[in-house]
Structure formats: structure tokens, C-alpha cells
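We use all heavy atoms of the structure for the numbers below, so side chains are in, but hydrogens, waters and symmetry mates are not. Heads up: numbering here begins at 1 and tracks the sequence.
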Amino acid sequence: MQSAQSPICVQFPSSSKGALKSTSSLFSLSTLSPRSWAVSFARSSILAVLESAIHVGHLTISDSEGTHYYGRYIKGCNDVHLRVLNDNFWFRILLSGDLGFSEAYMIGDVDVSPSLKNAMDLWLENQAGMADTLSSTVAKISSAISSLYNGFLGQTRSQARLNAIASYDQSNELFKAFLSKEMMYSCALWSEAEGGVRGDLEMGPSPGDLEAAQLRKIRHVLRAARVKPGHRILEFGSGWGGLAIEAARSFGCEVDTLTLSIEQKKLAEERIKEAGLEDRIRVHLLDYREIPAEFEKAFDAFVSVEMLEHVGAKYYNLYFKLVDFALKSKEATAVVTSSTFPESRYTDYQAEDFMRKYMWPNSCLPSATTLITAANTASQGRFTLEGVENHAAHYPRTLREWGRRLERNLTQELIAKDYPALRDPAEYAAFKRKWQYLFAYAGAGFCKGYITCHMLTFIRENDTPAVRCD
């Protein structure tokens with residue numbers, strides 16, 4: 001997530017749409033209005049699916065028509081209660097699965113207790129049961145009634161609100177509210193000094209712990225890149241300059257860093273100037289595919305922290321071809337980090353979900369082996385894989401801390417300076433719930449192994465390993 005456009009993408013299993021009610025019950029719906037019929041059909045279908053799908057934990061769903069219980073309640077189990085406040089909830093779930101659930105949460109159509117994290121965990125823990133009850137019949141019918149979507153939801157005030165909140169995420173003030181002072185929008189690395197990856201849950205968070213963990217991450221990346229005083233570093237994805245500043249200030253390097261965000265470039269350059277490092281760091285408003293000819297074989301190291309999620313599968317080879325182009329032929333290192341899919345879940349095509357619609361449009365998570373293969377192919381074997389690390393266990397605590405800081409620091413007045421529409425309390429509430437949803441959604445995905453976070457280190461062919469062996 002180094003870029004403001006960077007994702008931690010979680011592709012939860014689609015909501016199951018199975019277990020039709022009896023033919024007679026379907027006929028009984030035929031006397032209802034089209035909208036009432038669609039909602040009733042959606043509700044009965046989804047409730048029927050849950051009967052056989054929930055095997056782990058306990059779920060209570062209550063709405064205007066009653067309360068239903070699923071799974072088996074055991075003391076200490078994950079016990080989730082969904083209170084449906086608007087019957088559009090059922091329609092959204094039937095047509096859009098987890099995306100529909102996220103929309104319902106953001107606009108306040110459903111209340112979740114005791115927490116969003118519990119709901120996400122319940123969903124993932126019962127994924128197999130959901131998949132087993134998927135019904136092609138219901139899928140076909142839901143596809144047929146999807147043509148009614150705009151008539152039921154598309155022009156409503158709540159739908160307009162959803163359409164708008166996706167565009168409110170370029171404010172530097174927003175990111176200042178929840179990031180550490182380095183403003184690293186990426187996974188921190190937690191050590192025993194902060195109590196490890198569960199320290200906040202076992203001992204509680206402490207002031208400065210995120211700053212320490214993010215500084216550790218920056219230094220870990222730079223050490224893996226083997227940088228030395230006087231080295232020149234190329235970075236794809238500037239963020240707000242946190243890594244570039246540390247590389248220049250503490251490692252004595254020169255840095256050329258690329259961003260596509262005007263707002264990020266502006267703030268990064270302000271921070272670089274405050275640090276007195278203008279002579280060592282150059283921030284380029286530039287697409288990585290447009291690096292100039294004078295970059296050829298000019299760099300001792302290449303780094304990119306959680307920018308690869310925006311490259312797209314068809315450009316992985318070009319990405320690494322340009323890294324190969326820019327790095328010196330000998331004694332040069334490349335370090336890339338990215339949120340990733342496990343190999344079993346990776347696919348070139350990744351369907352629209354909450355992340356891709358409301359956080360990072362057109363993003364795509366690679367797998368570690370996809371990137372390794374691309375690096376080898378694009379460089380024609382001139383890269384040697386030096387190291388593979390999976391930092392996924394460190395992400396949930398990072399996300400929890402971001403969530404705490406957002407709650408503590410973000411105010412309606414602060415964000416409305418950049419986006420006056422958020423002076424409307426309903427607009428602001430939906431915007432804030434989007435970020436709450438992100439932190440819970442991604443945190444559950446990393447905890448359950450549905451997504452990973454890899455750091456890959458490549459050295460030049462015939463370069464010596466990092467650890468001396470003679």
C-alpha cells in the first residue's frame with residue numbers, strides 16, 4: 001500500500017445463492033409487487049443457504065420479519081449478530097455477494113455485532129459450506145432479475161452515496177490521520193520490542209509502536225537492497241517519501257522515486273525539503289513505463305513497496321524488464337514487496353469486489369511465483385532470486401493500528417476541507433464506514449491466509465550471496 005492507490009486486496013468467496021424454497025412458496029410470491037417479490041425471493045434464498053452453510057460459529061440474523069439462528073452456539077464461539085435495517089440488504093447480497101454486503105454496511109443497511117472482524121471470520125470459516133450450497137438455478141434467476149437492479153437501487157440516494165465515496169481518497173489529510181509519521185501506507189514489521197504481531201491484543205497499543213515498526217520495515221527493505229553510502233536507488237511508488245528520506249538520511253544514498261499522484265508528490269517534496277535532502281532525492285511525476293533513456297544501467301538498487309498491485313498481470317514482464325534496464329549489470333539488487341494471492345487462489349482475471357470497486361479500481365494481486373517467473377523471463381536470467389519472505393502475519397496488527405488512529409484523529413471538519421460534500425452527516429458516516437470495512441476485511445483475509453504479503457529480493461547473476469561463505 002505504499003501508494004495511495006495501493007491495495008491490500010481480499011477476494012472473499014462470493015455469497016452463496018442456493019437452496020431454493022419449494023415451488024409452491026415461489027408461486028406464492030407472484031402476487032407481490034416486482035420489488036417485494038425480488039426482496040422476498042432474495043431473503044428466502046439466502047436464509048435457506050445459511051441453514052446448511054454455517055458449520056463453524058453461530059450466526060443470528062434479525063430483520064422486520066423475525067429472527068433466525070444458524071450454526072451451533074457454544075460458549076466462547078464466534079457469535080455474530082446481523083441486524084438488517086433495510087430490506088435492500090437481501091437484494092444486494094443475492095446479486096453482489098460480498099460486494100453487496102460491503103455496500104449494505106457502508107450505507108447503514110445492516111448493523112454488525114460484536115464487530116466486523118467477527119463477521120469476516122465467520123464468513124471465511126464457513127467458506128466451504130457456502131461453496132457447497134451454491135445453486136446454479138438461483139444464480140440464473142438472480143442474473144435474470146439483475147436487470148431490475150437500477151430500478152430498485154440504482155437511482156436511490158444511498159446508491160448515489162456509494163457512487164461518490166469511492167472518489168474521496170486522495171486527501172493527504174486523510175492519510176495523515178491514520179498513518180505513522182513516516183506515512184508508510186504498507187505493512188509494518190513488528191518485533192518483540194512492540195510485543196510482536198499480537199502485542200496490541202495482549203498488552204495494548206503503545207504510543208510510537210507503529211512508528212517503530214514502520215521504520216524497521218523501511219530499514220529492512222534497504223538492508224535487503226544492500227545499499228551503501230553513495231549508492232543510487234530507483235523507487236517505483238513514492239508514497240509520501242518515507243523510504244526515500246530514510247535511504248538518503250540514514251544510508252547516505254541518492255534516490256529517484258516515481259509517483260503518479262500530484263498530491264503525494266507535493267507533500268513528499270515538502271517533507272524532503274524539511275529534512276534538508278533536496279539535493280539527494282528527486283521525485284518524478286512519471287509512469288514507470290516512461291522512465292528515460294538516461295536511467296539505463298544507472299542504479300545500484302531498485303525498491304518498490306506495495307506498488308505492484310497496480311501493475312496488472314499483462315505488464316509484469318515489462319515491469320521487470322525495466323528494472324533490469326535500470327540496474328547496473330553487476331553488484332545490483334532489486335527488492336519488491338506486494339500483497340499477493342497464494343498460488344492456489346491466483347488468477348489473471350480477478351472479479352470486482354469491495355477492494356476493486358471502492359478502494360483501488362483495476363488493481364490485481366499477483367502471486368509470488370508469478371512475479372519470480374516474470375523477473376526471470378524479463379531479465380533473460382540476469383536476476384537470481386536471493387530471498388522470499390512472507391510478511392502477512394504482520395499486516396493485521398498494522399491494520400488494527402490504522403483503524404485506531406483513524407477513529408482517534410479523523411474528524412468530519414478535517415476531511416470536509418478537501419471534500420465539502422462530506423459535511424453531510426450521512427455522506428461522512430458512509431465514508432468512514434468504508435475505511436472501517438477495509439481494515440476489518442483485509443485483516444481477516446491476512447489472518448486466514450486468503451491473502452499473503454511477499455517481499456522478494458533479486459541479485460544479479462554471479463553476485464555473491466548476502467551472507468559470506470568464505
Side-chain angles (χ1 to χ4, degrees), residues 1-2 6-10 57 76-80 112-125 174-224 239-240 242-243 245-246 250 305-306 335 337-340 342 387-410 432 435-455 457:
M1 288 191 187
Q2 179 62 10
S6 179
I8 339 169
C9 294
V10 188
C77 74
N78 185 11
D79 188 19
V80 176
V112 182
S113 61
S115 71
L116 264 177
K117 179 185 181 300
N118 290 75
M120 301 300 176
D121 287 346
L122 188 77
W123 196 331
L124 289 175
E125 287 162 355
L174 166 67
F175 292 99
K176 286 179 183 177
F178 69 85
L179 296 179
S180 65
K181 65 181 182 181
E182 294 82 8
M183 292 194 74
M184 290 295 290
Y185 192 24
S186 58
C187 180
L189 291 183
W190 305 92
S191 79
E192 291 309 308
E194 299 89 38
V197 298
R198 289 180 50 81
D200 62 321
L201 299 178
E202 296 170 355
M203 302 179 298
S206 300
D209 55 6
L210 180 61
E211 280 73 15
Q214 289 290 17
L215 184 59
R216 181 179 300 106
K217 165 67 171 292
I218 293 171
R219 291 175 174 174
H220 182 67
V221 169
L222 291 171
R223 290 187 185 112
W240 293 270
L243 186 143
I245 290 170
E246 182 64 15
S250 299
V305 177
E306 296 188 41
V335 179
T337 80
S338 176
S339 296
T340 47
V388 178
E389 301 176 24
N390 182 2
H391 297 157
H394 294 262
Y395 231 139
R397 181 173 179 182
T398 304
L399 290 157
R400 290 194 296 270
E401 182 57 28
W402 288 347
R404 293 185 191 101
R405 293 184 180 213
L406 185 81
E407 290 297 319
R408 185 168 65 243
N409 300 325
L410 185 67
K432 192 170 182 180
W435 284 89
Q436 294 167 339
Y437 195 90
L438 166 67
F439 298 146
Y441 186 77
F446 283 112
C447 276
K448 299 298 181 183
Y450 274 79
I451 40 174
T452 44
C453 183
H454 280 97
M455 184 176 100
T457 303

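Without hydrogens or angle criteria, Thr452 side chain to Ala392 main chain gives no donor-acceptor distance under 3.5 Å. Between the Thr457 side chain and the Val335 main chain, no donor and acceptor come within less than 3.5 Å of each other. In terms of modelled atom types and a separation under 3.5 Å, the side chain of Ser338 and the main chain of Thr340 share no donor-acceptor contact. A donor-acceptor contact shorter than 3.5 Å links the side chain of Lys217 to the backbone of Cys187. Judged purely by atom type and a 3.5 angstrom limit, Asn390 has no side-chain atom pairing as donor or acceptor with the backbone of His454.
Here the shortest heavy-atom pairing between Phe446 and Ser339 reads CZ-OG, 3.9 Å. In this structure, Lys117 and Asp121 approach most closely via the heavy-atom pair NZ-OD2, 2.7 Å. Closest heavy-atom contact between Ile451 and Ala442: CD1-O, 4.1 Å. Annotation for Leu122 and Asn78: closest pair N-ND2, 3.5 Å, computed over non-hydrogen atoms.
In this structure, Ile218 CD1 and Ser180 OG are separated by 7.0 Å, a value rounded to the nearest 0.5 Å. To the nearest 0.5 Å, the span separating SG on Cys447 from CE on Met120 amounts to 12.5 Å. If you take CG on Leu222 and CG on Leu243, they are separated by 4.5 Å, rounding to the nearest 0.5 Å. Remark: Tyr395 OH to Leu189 CG distance equals 11.0 Å, nearest 0.5 Å. With values rounded to the nearest 0.5 angstrom, Arg397 atom CZ is found 8.0 Å from Leu201 atom CG. Rounding to the nearest 0.5 Å places OH of Tyr441 at 13.0 Å from CG of Leu399.
Under the salt bridge (Lys or Arg N to Asp or Glu O under 4.0 Å) criterion, the residue pairs touching residues 439-448 are Glu125-Lys448, with sequence neighbours excluded. The salt bridge (Lys or Arg N to Asp or Glu O under 4.0 Å) pairs that include a residue from residues 177-194 are Glu194-Arg216, where partners are two or more places apart or lie in different chains.
Note on ring orientation: taking the six-membered ring where Trp is involved, the planes of Trp435 and Phe178 are tilted (angle from 30° to 60°).
Scored by the side chain to side chain donor-acceptor pair (under 3.5 Å) test, Arg400 finds Asp200 as partners (sequence neighbours excluded). Applying the side chain to side chain contact (heavy atoms under 4.5 Å, CB included) rule to Arg219 yields the partners Leu215, Arg223, Glu246, Ser250, Phe251; only residues at least two apart in sequence or on another chain are considered. In this view, Ala188 and Trp190, Leu210, Ala213, Gln214, Thr398 satisfy the side chain to side chain contact (heavy atoms under 4.5 Å, CB included) rule, not counting sequence neighbours. Every residue two or more places apart in sequence or in another chain that forms a side chain to side chain contact (heavy atoms under 4.5 Å, CB included) with Ser206 is listed here: Asp209. With sequence neighbours excluded, no residue forms a salt bridge (Lys or Arg N to Asp or Glu O under 4.0 Å) with Glu389. Every residue was checked against the side chain to side chain donor-acceptor pair (under 3.5 Å) condition with His394, not counting sequence neighbours, and none meets it. Every residue meeting the side chain to side chain donor-acceptor pair (under 3.5 Å) condition with Asp79, not counting sequence neighbours, appears here in chain and number order: His58. For the ring pair (Phe, Tyr, Trp, His ring centres under 6.0 Å) test, residues two or more places apart in sequence or in another chain that qualify with His391 are His220.
Salt bridge annotation for Glu211-Arg405: present, with a cationic side-chain nitrogen under 4.0 angstrom from a carboxylate oxygen. Of the charged side-chain nitrogens involved, none lies within less than 4.0 Å of a carboxylate oxygen, so that Glu407 and Arg404 do not count as a salt-bridged pair.
Side-chain contact between Trp402 and Leu438 is absent, with no heavy-atom pair separated by less than 4.5 Å.
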